[in-house]
Colleague: 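Before I ask anything, let me first share the structure, which is written out below as structure tokens.
Counting starts at 1 for both ligands and their atoms, following the listed order. This structure is a prediction, so every number in the text was calculated from the model and none was measured. Computation of the quantities below employed the complete heavy-atom set of this structure, encompassing side-chain atoms and omitting hydrogens, waters and symmetry-equivalent molecules. Position 1 is the first residue of the sequence; numbering continues from there.
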Amino acid sequence: MSYDATFRVWRGDAEGGDLQSFTVAVNEGEVVLDVIHRLQSTQAGDLAVRWNCKAGKCGSCSAEINGRPRLMCMTRMSTFGEDETVTVTPLRTFPVIRDLVTDVSFNYEQASRIPAFTPKSREEDGNHRMQQVDVERSQEFRKCIECWLCQDTCHVLRDHEGNKAAFSGPRFMIRLAELDMHPLDTVDRRDAAQDDFGLGYCNITKCCSEVCPEGIHLTDNGIIPLKERVVDRKFDPLTWLGSRIGRR
Ligand code: SF4
Ligand code: F3S
Ligand code: FES
């Protein structure tokens, strides 16, 4: 069954832009990205949109749909009423290049700053060993498809452009958490998490966890444990004593 939907799509570039309205056909079972592609092929041939897998796995098609950060390829049109206007806008936290495509290079810059995984030596039989619970923790964080929806949502970055210089955002807090809690990693990342990547800017609103398409519990399983590890270090009497002696 088909029907005609009203779409409003942001068109423009770094200089500015506006919402344009379209009436476009929708078929049963389609997702928002299908409708955006139909617009491209029938009414707006130069509409810029980034996508790749159409299966929720590449993280390219992130946008804001009726104000909520989502993957366009994973948002079914049946989510909306047939007479509901569907508004599609680019990620607000990042600069627009054109139409629905934003410049997300901030995220790749943050990724490149995180010290790499540095494993300890192998055991005598040549193996690394770790507990299943540690494997599962890493696996949860490694489901990240780098869609940047959490980065787009976090108010610390979204509402305060200046914070980008000090806070790397939720995706990188869980990367730091994963590495810091990894039993084979030899680098202590707690001071860096606080001082270089801005862990203290997160006030645990949990909005990042709500929008993650992979269902990663960023706040409960990553950010809060990382904060606890940082606090433990700061208030560990032995660490404190060591730092006092070191200063003499
Ligand atoms: Fe996307 Fe989730 Fe990864 Fe954030 S943590 S970039 S929301 S997949
Ligand atoms: Fe931002 Fe997530 Fe913290 S939304 S404030 S990083 S809990
Ligand atoms: Fe790959 Fe949507 S096109 S996640």
Colleague: May I ask you to say whether Asp180 pairs ionically with Arg229, meaning some side-chain N is under 4.0 Å from a carboxylate O?
Modeller: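 Yes.
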Colleague: Would you call Arg92 and Asp152 a salt bridge, taking side-chain N to carboxylate O under 4.0 Å as the test?
Modeller: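 Salt bridge absent between Arg92 and Asp152.
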Colleague: May I ask you to establish whether Arg113 and Phe197 are in a cation-pi arrangement, using a distance under 6.0 Å from NZ or CZ to the six-membered ring centre and at most 45° from the ring axis?
Modeller: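 The answer is yes; both the distance and angle limits are met.
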Colleague: Which atoms from ligand 1 have a heavy atom of Cys144 less than 4.0 Å away?
Modeller: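 So the atoms of ligand 1 that pass are 3 (Fe), 5 (S), 6 (S), 8 (S).
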Colleague: Considering only protein heavy atoms, which is closest to atom 2 (Fe) of ligand 1, and at what distance to one decimal place?
Modeller: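 Minimum-distance protein heavy atom for atom 2 (Fe) of ligand 1 reads Cys212 SG, 2.4 Å.
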Colleague: Hey, are Asp99 and Arg11 close enough for a salt bridge, meaning a charged N less than 4.0 Å from a carboxylate O?
Modeller: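 Yes, this pair counts.
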Colleague: Which of the atoms in ligand 1, numbered in the order shown and given with their element, are less than 4.0 Å from a heavy-atom of Arg171?
Modeller: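 Matching atoms, with element in brackets: 6 (S).
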Colleague: Check if Ile145 has a non-hydrogen atom at a distance under 4.0 Å from any atom of ligand 1.
Modeller: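 Yes, that is the case, since the closest heavy atom of the residue is under 4.0 Å from the ligand.
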Colleague: Among protein heavy atoms, which lies nearest atom 4 (Fe) of ligand 1, and at what distance?
Modeller: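 The answer is Cys150 SG, 2.3 Å.
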Colleague: Taking 4.0 angstrom as the limit, do Asp34 and Lys54 come out as a salt bridge?
Modeller: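 So Asp34 pairs with Lys54 through a salt bridge.
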Colleague: With heavy atoms of Trp148 as the reference, note each atom of ligand 1 found under 4.0 Å away.
Modeller: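 Once the distances to Trp148 are compared, the set is 1 (Fe), 6 (S).
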Colleague: Mark up the atoms of ligand 3 that fall under 4.0 Å of a heavy atom belonging to Gly56, in ascending order.
Modeller: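 Counting from 1, the qualifying ligand atoms are 4 (S).
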Colleague: What distance separates Arg171 CZ from Phe141 CZ, expressed to the nearest 0.5 Å?
Modeller: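 So the CZ of Arg171 and the CZ of Phe141 are separated by 10.0 Å.
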Colleague: Of the side chain and backbone of Lys143, name the one, both, or neither that has a heavy atom under 4.0 Å from an atom of ligand 1.
Modeller: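 Looking at Lys143 and ligand 1, no heavy atom falls under 4.0 Å.
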Colleague: Suppose I only count heavy atoms of Cys53 and a 4.0 Å limit; which atoms of ligand 3 are within that range?
Modeller: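 Listed by number with element: 1 (Fe), 3 (S), 4 (S).
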Colleague: Please state whether the separation between atom 2 (Fe) of ligand 3 and some N/O/S atom of Cys147 is under 2.8 Å?
Modeller: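 Of the N, O and S atoms in Cys147, none lies under 2.8 Å from atom 2 (Fe) of ligand 3, which means no.
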Colleague: Which atoms from ligand 3 have a heavy atom of Lys57 less than 4.0 Å away?
Modeller: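 Contacts of ligand 3 toward Lys57, numbered from 1: 4 (S).
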Colleague: Using side-chain heavy atoms (C-beta onward) and a distance below 4.5 Å, is Trp10 in contact with Pro90?
Modeller: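 Of all side-chain heavy-atom pairs linking Pro90 with Trp10, at least one is under 4.5 Å.
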Colleague: Determine whether Asp220 and Lys206 satisfy the following criterion, salt bridge (charged side-chain N to carboxylate O under 4.0 Å, His left out), listing intermediate values before the conclusion.
Modeller: CA-CA 8 Å; Asp220 289 346; Lys206 300 195 181 190; 2.8 Å; yes
Colleague: I need the atoms of ligand 3 closer than 4.0 Å to a non-hydrogen atom of Cys61, numbered in the order shown.
Modeller: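 Near Cys61, the atoms of ligand 3 are 2 (Fe), 3 (S), 4 (S).
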Colleague: Among Arg137, Arg175, Glu214, whose side chain to side chain contact (heavy atoms under 4.5 Å, CB included) with Arg142 holds?
Modeller: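 The passing option is Arg175.
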Colleague: Say whether Asn27 and Ser2, considering side chains only, have a donor N or O and an acceptor N or O under 3.5 Å apart.
Modeller: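 The answer is yes; a qualifying pair exists.
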Colleague: Side chains of His128 and Glu123: donor-acceptor distance under 3.5 Å anywhere?
Modeller: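 No, no side-chain donor-acceptor pair sits under 3.5 Å.
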Colleague: Inspect the contact between Lys164 and Glu161 and indicate whether a charged nitrogen and a carboxylate oxygen are less than 4.0 angstrom apart.
Modeller: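 Yes, this pair counts.
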Colleague: Counting backbone and side-chain atoms alike, is an N, O or S atom of Cys58 positioned under 2.8 Å from atom 2 (Fe) of ligand 3?
Modeller: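 Given the 2.8 Å cut-off, Cys58 does not count as a ligand of atom 2 (Fe) of ligand 3.
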Colleague: Counting each atom of ligand 3 from 1 as listed, which ones have a heavy atom of Cys73 under 4.0 Å away?
Modeller: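 In order of numbering, the contacting atoms are 2 (Fe), 3 (S), 4 (S).
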Colleague: Of all the atoms in ligand 3, which lie at a distance below 4.0 Å from a heavy atom belonging to Asn52?
Modeller: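 Ligand 3 atoms under the 4.0 Å threshold to Asn52: 3 (S).
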Colleague: List every atom of ligand 1 that sits less than 4.0 Å from any heavy atom of Pro213, numbering the atoms from 1 in the order shown and giving each element.
Modeller: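 Listed by number with element: 7 (S).
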Colleague: Identify, for atom 3 (S) of ligand 3, the protein heavy atom at the shortest distance, and state residue, atom and that distance.
Modeller: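 Ranked first by proximity to atom 3 (S) of ligand 3 is Lys54 N, 3.1 Å.
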Colleague: Under a 4.5 Å cut-off applied to non-hydrogen side-chain atoms, are Ile204 and Ile224 in contact?
Modeller: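 SC-SC contact between Ile204 and Ile224 confirmed.
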Colleague: Protein N, O or S atoms less than 2.8 Å from atom 3 (Fe) of ligand 2, ignoring waters?
Modeller: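 Metal shell, protein only: Cys202 SG.
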Colleague: Looking at Arg76 and Glu30, is any side-chain nitrogen of the basic one under 4.0 Å from a carboxylate oxygen of the acidic one?
Modeller: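 Looking at Glu30 and Arg76, the cut-off is not met.
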Colleague: Output the list of atoms in ligand 3 that are nearer than 4.0 Å to some heavy atom of Gly59, sorted by atom number.
Modeller: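 Contacts of ligand 3 toward Gly59, numbered from 1: 1 (Fe), 4 (S).
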Colleague: How close does the nearest protein non-hydrogen atom get to atom 1 (Fe) of ligand 1, and which residue and atom is it?
Modeller: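 Protein heavy atom at minimum distance: Cys147 SG, 2.3 Å.
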Colleague: Is a salt bridge present between Glu64 and Arg70, judged by a nitrogen-to-oxygen distance below 4.0 Å?
Modeller: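 Here Glu64 does not pair with Arg70 in a salt bridge, since their nearest N and O are not under 4.0 Å apart.
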